[in-house]
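Here the structure is a predicted model, which means the values were calculated and not measured. Position 1 is the first residue of the sequence; numbering continues from there. Whatever order the structure lists them in is the order used to number ligands and atoms, beginning at 1.
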Amino acid sequence: MFLKCFGHSSSSQRQYPTIIEELCHQFSLADLGKSTNNFDQNRVIGRGAFSTVYKGCLQHKDGSDYTVALKRFHEGYSAVFKKEIELLCQLRHPNCVSLIGFCNHEKEKIIVYEYMSNGSLDRHLLRGKLSWKKRVEICIGVACGLHYLHAGAKRSIFHCILRASTILLDEDKEPKLAGFGLSIQGPQFNSKKPKQINADHIMDTLGYMPLEYVMNGSVTDKWDVFSFGLVLLRVVCGMDYFIMAAERKLMEKPVEENIDSNIKGKIAPECWQVFIDIMVRCLEYEPDERPAMGEVEVELEHALSLQEQADITNTDGDYNLLSKTIIPIARGSEMKE
Ligand SMILES: Nc1ncnc2c1ncn2[C@@H]1O[C@H](COP(=O)(O)OP(=O)(O)OP(=O)(O)O)[C@@H](O)[C@H]1O
């Protein structure tokens, strides 16, 4: 239904009849050029595989300013542009980035979003400044957003490129899912039938592809659950899975020995036990053995409350983790290499 809205209606010369226009604002290229000082390089806040992202300033009808992020797609990615608008138009959730509007002017394809002043999660993990508690809270928000995508709409949505750079943080460091350009609309909610797709085009940008896709081309919500497990791992270790794998830090060493030095000693054993258990389950080989996002969300809430309880009694000392957890992950994309 939504795709129809992007068809070129040669007779009427109206490119965007009805639905999309009703759901979000269509900006002129002139307005967006003005909002970014003509796409000034100093306004660039991010670069993705398909786009350059700018910080822009628009005006409300009453004349007051508001800040936005503009994703200007590279030439040749109009399908990704359309897909992202089509999906974002359907989403309303505090943990999903909000669409403000778009511009489709000849070769210029631009999406306008609410501005996330704290940028992407990966940058914060690199700096190492997030406390352990804040990290768990962020994971809960992401789990809540994914749960909504999988179960909150009539047809579930599989994000498919979940990673620390597609999780954005607002001014309160509340997480919002972004980067929906390669997401997939699944079967009707409650249908257990996996969707067969050809996602090879995602391969180069994706990386976190689970084994089942490579084996039989099937995509279910459990793809995102697997990617979420890798996000949990990154939140704990502060380092990307690929770097850890290249440095042989996984498989050979327990996760407990790879914990980010900025949070070492801050994790209560009771909290860790619940957290690591859900992480390991998210990374199971068999998709059916991975939990649904609703369960993940509940378990993470539980982990957070155990941390808070432990912090009340333990006011002065660091915590010591005695467990040793080895995670034997096999990514699909590795299998295909
Ligand atoms: N709404 C936003 N507010 C603030 N920064 C943003 C926003 N959207 C994107 N960015 C920044 O731009 C970067 C690239 O965005 P995004 O990942 O969505 O692009 P992409 O072209 O889909 O690329 P890729 O698939 O490689 O991640 C993000 O990591 C983030 O730093």
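Residue contact annotation: K176 has no non-hydrogen atom under 4.0 Å from ligand 1. Note on ligand 1: G119 sits outside its first shell, no heavy atom being nearer than 4.0 Å.
Salt bridge annotation for E284-K222: absent, with no cationic side-chain nitrogen under 4.0 angstrom from a carboxylate oxygen. Here R281 pairs with E295 in a salt bridge; the nearest charged N to carboxylate O distance falls below 4.0 Å. Salt-bridge annotation for E137 and K173: absent, with no side-chain N of the basic residue lying under 4.0 Å from a carboxylate O of the acidic one. Using a cutoff of 4.0 Å between basic side-chain nitrogens and carboxylate oxygens, D260 and R135 are scored as salt-bridged. We find that K324 and E256 are not joined by a salt bridge, their nearest charged nitrogen and carboxylate oxygen being 4.0 Å or further apart.
For F73 and F81, the gap between ring centers is short of 6.0 Å. Taking the six-membered ring for Trp and the full ring otherwise, the centers of F27 and H25 sit less than 6.0 Å from each other.
Contact atoms of ligand 1 toward A69: 1 (N), 2 (C), 3 (N), 7 (C) (distance under 4.0 Å to a heavy atom of the residue). Short contacts between ligand 1 and S120, defined as distances under 4.0 Å to a heavy atom of the residue, involve ligand atoms 29 (O), 31 (O). Each of the atoms 4 (C), 5 (N), 31 (O) of ligand 1 lies under 4.0 Å from some heavy atom of I45. The L168 neighbourhood of ligand 1 comprises atoms 1 (N), 2 (C), 6 (C), 7 (C), 8 (N), 30 (C), with distances under 4.0 Å to a heavy atom of that residue. Atoms of ligand 1 found under 4.0 Å from any heavy atom of R163, numbered from 1 in the order shown, are 24 (P), 25 (O), 26 (O), 27 (O). When each atom of ligand 1 is checked for a heavy atom of Y113 under 4.0 Å away, the hits are 1 (N).
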Can you check ring pair (Phe, Tyr, Trp, His ring centres under 6.0 Å) on F50 and H74, steps first, answer last? CA-CA 6 Å; F50 322 108; H74 308 317; 8.2 Å; no
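Put simply, the side chain of R72 never gets that close to the backbone of I110: no donor and acceptor are under 3.5 Å apart.
If you look at A178 next to ligand 1, there are no close heavy atoms at all, none under 4.0 Å.
Polar contact with ligand 1: absent for T166 (N/O pair, distance under 3.5 Å). Looking at ligand 1, you'll find an N or O of R123 within less than 3.5 Å of one of its N or O atoms. Here's the thing with S165: one of its N/O atoms is less than 3.5 angstrom from an N/O atom of ligand 1. For ligand 1, none of its N or O atoms has an N or O atom of Y115 under 3.5 Å away. Taking only nitrogen or oxygen atoms, main chain and side chain alike, F50 reaches within less than 3.5 Å of ligand 1. Of the polar atoms of M116, at least one N or O is found under 3.5 Å from an N or O of ligand 1, judged by distance alone. Between A49 and ligand 1, an N or O atom pair is found at a separation short of 3.5 Å.
With atom 12 (O) of ligand 1 as the reference point, the heavy atom nearest to it among V68, L169, V53, T52 is part of V53. In this comparison of G46, S51, G179, the heavy atom closest to atom 20 (P) of ligand 1 sits on S51. Comparing G48, G181, A164, S98 by heavy-atom distance to atom 23 (O) of ligand 1, the nearest is G48.
The environment of K34 atom NZ is sparse: at most 12 non-hydrogen atoms of other residues, nucleotides or ligands sit within 6.0 angstrom.
Donor-acceptor pairing under 3.5 Å is lacking for the side chains of Q307 and W272.
In this structure the side chain of P175 never reaches within 4.5 angstrom of the side chain of L121, judged on heavy atoms.
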